[in-house]
J.: 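Before I ask anything, here is the structure I am working with.
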Amino acid sequence: MEEPLHIEGGYPLEGKVWISGAKNACLVIMAASVMVQGQTILENVPRIRDVEVLANILRRLGVSVTRQEDNSLSIIVPEDVGGETPYDLAKKLRASNLLLGALLATRKEARICLPGGCDIGSRPMDLHLKGLSALGAKVKLDHGYIEASARHLQGNRVYLDFPSVGATENIMMLATLTPGQTMIENAAKEPEIVDLANFLNASGGRIRGAGTDMIRIEGVKELRGTRYAVIPDRIEAGTYMAAAVATGGNILVENVIPTHLYPIIAKLQETGATIQEEGRGLRVIGGKEILPVDIKTLPYPGFPTDMQSQMIALLSVAKGTSVIVENVFENRFRMVDEIKRMGAEVKLEGHAAVVQGVPRLFGARVKASDLRAGAALAIAGLMAKGTTEIDNAYYVYRGYEDVKAKLRGLGAKVR
Ligand code: UD1
């Protein structure tokens, strides 16, 4: 069992923090690299649990995955790469489902264990399967596994009922090695989708339109090894920015792509914070008080659901009432009961959380229920009077590289 994370609150964050490579871009690009012949070198790979777990899944499939000193990862795929993801590892990681499109593309068959990951509502895969079937894959469910095989693949039009990130990624990967043209309509537009397209194109793929809702993929025969740097993590950046605002601090967030952060910057500014570009980073200065704001989570470029919990933590001490509506996942308010133990006043009404600001939070023993809930409780702990002890801290390490060291570097009292 992991030690709980202890945070002594009440210290404004000050200094600089370096943002790591994006978890969600890195995971899908690692999955896509099983389609590549020769050596792939990924740079800016974060040292987080989810990356370790996916690396171990790839190793079980026979792939050589080696960490190099400088935060890069070398990936070499054997000709007879395995086609079944192991249950004991796949249950730890939702993103293991991204191997479905990638393995199907290279091996023409795959058996994927229905994935685990954060429990934030039912996370079906119907859109993934609809897309892969449209290209000619035969898919069936078998005792907790998805079995897919593909004798005759052919590019096709795929319309997604909802712009699912994972479905868009799985279809893009399969379509890359499928003859003919595939068009994904109502595709997800997240920066991580664009990063996947850039990686595939750098390896010899032909994808246009990533970042818009219509992605066109011209199938190619093979992908070749390349060197590619993963984009910075917009959610990690947003989390430190929210923490700086929450503590009335003043920090420089380095290594970010500001355009990816516009939805988050806009909402933090509405709370009264000052945010300016400074060199390759963003200067974030907390206001004298935190103003309430209303937020609706939406697919990109809407406000990211992965920042929803952190915003509830910040707004729990705002001067007034905020309404936060969750439109992407159905069960993503599980941290609310925990933050209430610290004195927050939050009422849940269906898909909305009504947050009535209180003058201050108090340290308490709380439990993280998922990755972003853990991050939100850490923000609450940084603001609170007294010490907060966060159980299930491993959730936080799944997605935040060196979180304790980075927070200490900003003057927080964390152990
Ligand atoms: C990815 C991110 C996650 C982020 C989410 C939304 C990774 C590894 N994870 O998750 O951090 O919170 O995007 O930005 O990149 N849905 C269906 N059917 C499907 C697929 C999805 O109904 O076949 C629904 C889901 O239940 C959910 C919504 O669509 O309600 C969004 O899911 P999706 O965009 O697919 O998220 P993930 O790819 O799982």
Side-chain angles (χ1 to χ4, degrees), residues 21-32 46 48-51 53-54 57 90 92-102 112 114-134 139 141 146 148 158-174 184 186-197 199 213 230-231 233-236 238-239 260 263-264 296-311 325-334 351 370-376 395-396 398-400:
K23 170 176 90 73
N24 288 346
C26 186
L27 292 173
V28 70
I29 292 173
M30 285 172 71
I48 51 175
R49 295 280 165 87
D50 276 12
V51 165
V53 174
L54 185 57
I57 293 177
K92 296 184 184 170
L93 182 66
R94 166 81 184 166
S96 58
N97 68 358
L98 297 170
L99 283 165
L100 181 59
I112 299 293
L114 281 171
C118 284
D119 179 12
I120 52 177
S122 91
R123 297 173 87 174
M125 287 190 61
D126 53 320
L127 300 172
H128 302 236
L129 305 186
K130 176 180 165 186
L132 302 181
S133 305
V139 185
L141 291 178
I146 297 175
V158 181
Y159 170 80
L160 295 179
D161 306 86
F162 182 90
S164 152
V165 172
T168 303
E169 293 170 340
N170 257 329
I171 300 163
M172 271 168 73
M173 289 187 276
L174 181 60
I184 311 177
N186 199 26
K189 297 184 280 200
E190 270 67 4
E192 293 75 21
I193 302 278
V194 179
D195 212 31
L196 171 63
F199 165 76
D213 51 18
V230 175
I231 53 169
D233 197 309
R234 62 196 167 102
I235 305 299
E236 188 198 16
T239 302
H260 295 171
I264 299 170
K296 287 189 171 76
T297 68
L298 285 170
Y300 191 83
F303 191 87
T305 172
D306 285 350
M307 276 297 297
Q308 180 255 93
S309 310
Q310 298 90 313
M311 292 305 284
V325 180
E326 173 57 58
N327 291 309
V328 180
F329 288 110
E330 60 193 32
N331 184 18
R332 216 175 189 179
F333 286 131
R334 286 181 48 199
H351 284 272
D370 67 65
L371 163 57
R372 306 303 170 189
Y395 274 119
V396 182
R398 284 188 52 184
Y400 290 88

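Note that these values count all heavy atoms, side chains included, but never hydrogens, waters or copies made by symmetry. Both counts, for ligands and for their atoms, begin at 1 and track the order of listing.
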J.: Checking contacts here: is it the side chain or the backbone of R94 that comes within 4.0 Å of ligand 1, counting heavy atoms only? Could be both or neither.
T.: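 The answer is the side chain of R94.
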J.: Using a 4.0 Å heavy-atom cut-off, which part of R332 comes near ligand 1: side chain, backbone, both, or neither?
T.: side chain
J.: Any salt bridge between E192 and R234, counting N to O under 4.0 Å?
T.: yes
J.: With a heavy-atom distance limit of 4.0 Å, tell me whether T305 approaches ligand 1 through its side chain, its backbone, both, or neither.
T.: side chain
J.: Taking N or O atoms only and a 3.5 Å limit, does S164 qualify as a polar contact for ligand 1?
T.: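 The answer is yes, given that S164 and ligand 1 share an N or O pair closer than 3.5 Å.
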J.: Against heavy atoms of G166, which atoms of ligand 1 measure under 4.0 Å?
T.: 35 (O), 38 (O)
J.: Of the listed options (A22, P124, A25), which comes nearest to atom 20 (C) of ligand 1 when hydrogens are ignored and any heavy atom counts?
T.: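 Heavy atom nearest to atom 20 (C) of ligand 1 belongs to P124.
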J.: Counting distance only, does the side-chain N/O of E169 pair as donor-acceptor with the main-chain N or O of I171 below 3.5 Å?
T.: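 No; zero donor-acceptor contacts below 3.5 Å.
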J.: To the nearest 0.5 Å, what is the distance between CG (D233) and CG (N24)?
T.: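 Going from CG on D233 over to CG on N24, the span is 7.0 Å.
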J.: Within the supplied structure, the quantity of interest is the number of heavy atoms (other residues, nucleotides, ligands) at a distance under 6.0 Å from K296 NZ; does it exceed 12?
T.: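 Atom NZ in K296 is not packed in, count stays at 12 or less.
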J.: Regarding atom 12 (O) of ligand 1: of the candidates T168, D161, D306, I235, which has the closest heavy atom?
T.: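 The option holding the nearest heavy atom is D306.
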J.: Between the side chain of E190 and the main-chain N/O of Y300, is any donor-acceptor distance below 3.5 Å?
T.: yes
J.: Donor-acceptor pair, distance only, cut-off 3.5 Å: does the side chain of Q310 make one with the backbone of D306?
T.: yes
J.: Check whether N170 reaches the backbone of N97 with its side chain - one donor and one acceptor, N or O, closer than 3.5 Å.
T.: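 Here the side-chain-to-backbone pair exists.
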J.: Please determine if D126 has a nitrogen or oxygen closer than 3.5 Å to a nitrogen or oxygen of ligand 1.
T.: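 Right, the criterion is met.
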J.: Provide the number and element of each atom of ligand 1 under 4.0 Å from a heavy atom of V328.
T.: 27 (C), 28 (C), 30 (O), 31 (C)
J.: Distance-only, no hydrogens or angles: does the D50 side chain make a donor-acceptor pair with backbone N or O of G399 under 3.5 Å?
T.: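 Judged by distance alone, no pair lies under 3.5 Å.
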J.: With backbone taken as N, CA, C and O and side chain as the heavy atoms from C-beta onward, which portion of L98 lies under 4.0 Å from ligand 1: side chain, backbone, both, or neither?
T.: neither
J.: At under 4.0 Å between heavy atoms, which part of V165 makes contact with ligand 1: side chain, backbone, both or neither?
T.: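 The part of V165 near ligand 1 is both the backbone and the side chain.
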J.: Between A167 and ligand 1, which residue portion shows a heavy-atom distance shorter than 4.0 Å: side chain, backbone, both, or neither?
T.: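 Neither part.
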